[in-house]
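Since the model is a prediction, treat every value here as computed from it, not as a measurement. The chains referred to below are lettered A, B, ... by the order of the sequence lines, with proteins before strands, and numbering in each begins at 1.
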Protein chains: 2
Amino acid sequence: MARRSEHSHDEIKRMVLEASETIISEEGFAALTVRRIALEIGYTVGSIYMVFENMADLILHVNARTLDDLSRALEEISPAAGLEQTVVDLAKAYLNFSGSNFNRWRLIFEHQLPKNAEIPSWYQRKADAAFYRVESLFRQLNPDLPEIEIRAGARALWGGVHGICILSLTGKSAAIELSDVESSIILLVENFLQGWKAR
Amino acid sequence: MARRSEHSHDEIKRMVLEASETIISEEGFAALTVRRIALEIGYTVGSIYMVFENMADLILHVNARTLDDLSRALEEISPAAGLEQTVVDLAKAYLNFSGSNFNRWRLIFEHQLPKNAEIPSWYQRKADAAFYRVESLFRQLNPDLPEIEIRAGARALWGGVHGICILSLTGKSAAIELSDVESSIILLVENFLQGWKAR
DNA sequence: ACCTGAACACCGTTCAAGT
DNA sequence: ACCTGAACACCGTTCAAGT
């Protein structure tokens, strides 16, 4: 034991992240422990601290990958006939992603960084990237509005879509069918845009 | 020690809940441990298991009290001139509550019950109660709509309000002023209702 | 240099033993 | 009967020691 050098640090990093994602997805965040990850990748606890500062740092990187996956899922949505329909399609894709990657998706919003920690800018950029499609659609939707209002509108609606996903998927408001959630989202998006266009 | 009988079980229960709320509010959920609660109320760890099944049960009761406080805060909002304005006022009150009771409010949505646990019906009723005002306003707003659509509309909008609160308060989308969040909420509510009325 | 694994200071939960 | 507190099986994190 010791001095194995079978994998580079980058490789170990990737192994840790992939193992973490599997554990989170299959058993939930509570099941994620250093010892468990170590077992899964065939190293010992200490090794994980070679490639990540601590658990918080590890989770930040797990979340970064989830944000990348989310951005990719939204980028894959091709523009529909109308701008409004594209917004609806994006919202559906967001719901779909949050449903299929529920535990990983939750973690993005639930994990609070230790006390006075700053969000690193490379992470913030990934978070903003997931917003990009919606924001640019809002710009096309109402090109004459000042940039700040466009961003506010996109943020308001997207916050709304997010909230419906959260409330329904965490099942706090009675048993709701997924099809009903989709209806709620379409309801929100269409009614909001109805009002928005009239500005 | 032992056999103190200074407090009834109901009193100890209340002491545990109040100590828990203080710890959560001031230091966050991560600081809540049985040992810490025991220290705070002047009993030992074992005592807490006399009055609550386990930590999950304790948190459920903490959340129940938060839901009660939230319902009360919303009930205090008196009807404004128009129905629309009342919805806006309720949304503002919701934002205000989530801001002033951030850590307690977060916990309602973040705490996932152990694997196959059911949400008790007494708890579900409290969760529904917080929805009541919004739902009845939607009924007044559009009395001819079938009940199921009214509920869907209320849920869609309230999910939206909730989402904006979450996204802005957890600060995942850049630094946002609280006044801007209020603007976002007003934006969402007004635009949504604009579309909703036209149904 | 790379990695181990024992050690430390914590957790939640239980339950025999004290009064 | 009421409550204690030691014991158990876990945590995250560190770091001297092995190869």
Side-chain angles (χ1 to χ4, degrees), chain A residues 1-17 19-21 23-24 26-63 103 107 110-117, chain B residues 1-17 19-21 23-24 26-63 103 107 110-117:
Chain A
M1 35 189 99
R3 172 108 91 136
R4 310 191 338 186
S5 297
E6 284 172 21
H7 304 94
S8 71
H9 276 202
D10 275 355
E11 281 174 323
I12 296 176
K13 215 163 186 166
R14 197 173 40 73
M15 287 160 70
V16 169
L17 289 173
S20 300
E21 283 172 356
I23 296 165
I24 293 167
E26 290 177 1
E27 299 164 55
F29 173 57
L32 189 76
T33 67
V34 240
R35 282 165 231 264
R36 177 68 194 283
I37 298 166
L39 185 77
E40 219 73 53
I41 66 168
Y43 278 79
T44 59
V45 276
S47 312
I48 285 150
Y49 290 85
M50 297 183 339
V51 292
F52 290 108
E53 271 184 49
N54 48 38
M55 215 51 175
D57 182 39
L58 198 166
I59 295 163
L60 192 74
H61 282 84
V62 168
N63 285 345
N103 286 334
L107 193 56
E110 288 181 12
H111 176 245
Q112 55 223 79
L113 334 164
K115 43 237 152 234
N116 36 27
Chain B
M1 37 191 92
R3 172 108 87 143
R4 309 190 338 186
S5 298
E6 285 172 22
H7 304 93
S8 72
H9 275 200
D10 275 356
E11 282 173 323
I12 296 176
K13 216 163 183 164
R14 200 173 38 73
M15 289 160 68
V16 170
L17 288 173
S20 300
E21 283 172 354
I23 295 165
I24 293 166
E26 292 178 358
E27 299 164 57
F29 173 56
L32 190 76
T33 68
V34 242
R35 283 164 230 264
R36 176 69 193 282
I37 298 167
L39 185 78
E40 218 75 52
I41 66 169
Y43 279 79
T44 59
V45 277
S47 311
I48 285 151
Y49 290 85
M50 296 181 342
V51 292
F52 291 106
E53 272 186 49
N54 48 38
M55 214 50 174
D57 184 39
L58 197 167
I59 295 165
L60 192 75
H61 283 82
V62 168
N63 285 345
N103 285 335
L107 194 56
E110 288 184 9
H111 177 242
Q112 52 221 78
L113 333 163
K115 43 240 151 234
N116 36 27

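- Taking atom CD1 on B:I12 and atom P on D:dA1, their separation rounds to 16 Å, with Å as the unit.
- Nucleotide D:dA1 holds its C1' atom 13 Å from the OH atom of B:Y43, rounded to whole Å.
- Put simply, CD on B:E6 is 14 Å from P on D:dC2, counting in whole angstrom units.
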Donor-acceptor contacts, no H, no angles, side chain residues 42-51 of chain A, under 3.5 Å, sequence neighbours left out:
residue : atom : partner : partner atom : Å
A:Y43   : OH   : A:R4    : NH2          : 3.2
A:Y43   : OH   : A:H7    : ND1          : 2.9
A:S47   : OG   : A:T44   : O            : 3.1

Check residues 30-40 of chain B and write down every donor-acceptor pair under 3.5 Å in which the side-chain atom is one partner and the other belongs to a residue at least two apart or another chain.
residue : atom : partner : partner atom : Å
B:T33   : OG1  : B:R36   : N            : 3.0
B:R36   : NE   : B:E40   : OE1          : 2.8
B:R36   : NH1  : B:E27   : OE1          : 3.0
B:R36   : NH1  : B:E27   : OE2          : 3.4
B:R36   : NH2  : B:E27   : OE2          : 2.9
B:R36   : NH2  : B:E40   : OE1          : 3.3

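- For the residue pair B:N103 and B:I24, the shortest heavy atom distance occurs at ND2-O, 3.0 Å.
- The CG atom of A:L60 sits 9.5 Å away from the CZ atom of A:F52 when rounded to the nearest 0.5 Å.
- For A:H9, a side-chain nitrogen or oxygen approaches OP1 or OP2 of C:dC3 to under 4.0 Å.
- Residue pairs meeting the salt bridge (charged side-chain N to carboxylate O under 4.0 Å, His left out) criterion with at least one member in residues 8-17 of chain B, sequence neighbours excluded, are B:R14-B:E18.
- Residue pairs meeting the side-chain hydrogen bond (donor to acceptor under 3.5 Å, both in side chains) criterion with at least one member in residues 50-59 of chain A, sequence neighbours excluded, are A:D57-A:H61.
- Taking atom CD1 on B:I48 and atom C1' on C:dC15, their separation rounds to 16 Å, with Å as the unit.
- Residue A:S47 places at least one side-chain N or O under 4.0 Å from the OP1 or OP2 atom of C:dT4.
- Note that the CG atom of A:L58 and the CG atom of A:N63 stand 10.0 Å from one another [nearest 0.5 Å].
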Just by protein heavy atoms under 4.0 Å, how would nucleotides 8-14 of chain C read 5' to 3' in B, S and -? ---BBBB
How does DNA chain C look in dot-bracket notation if pairs are Watson-Crick or G-U with both distances under 3.5 Å, crossing ones as [ ], other-strand ones as |? ||.|||||...|||||.||
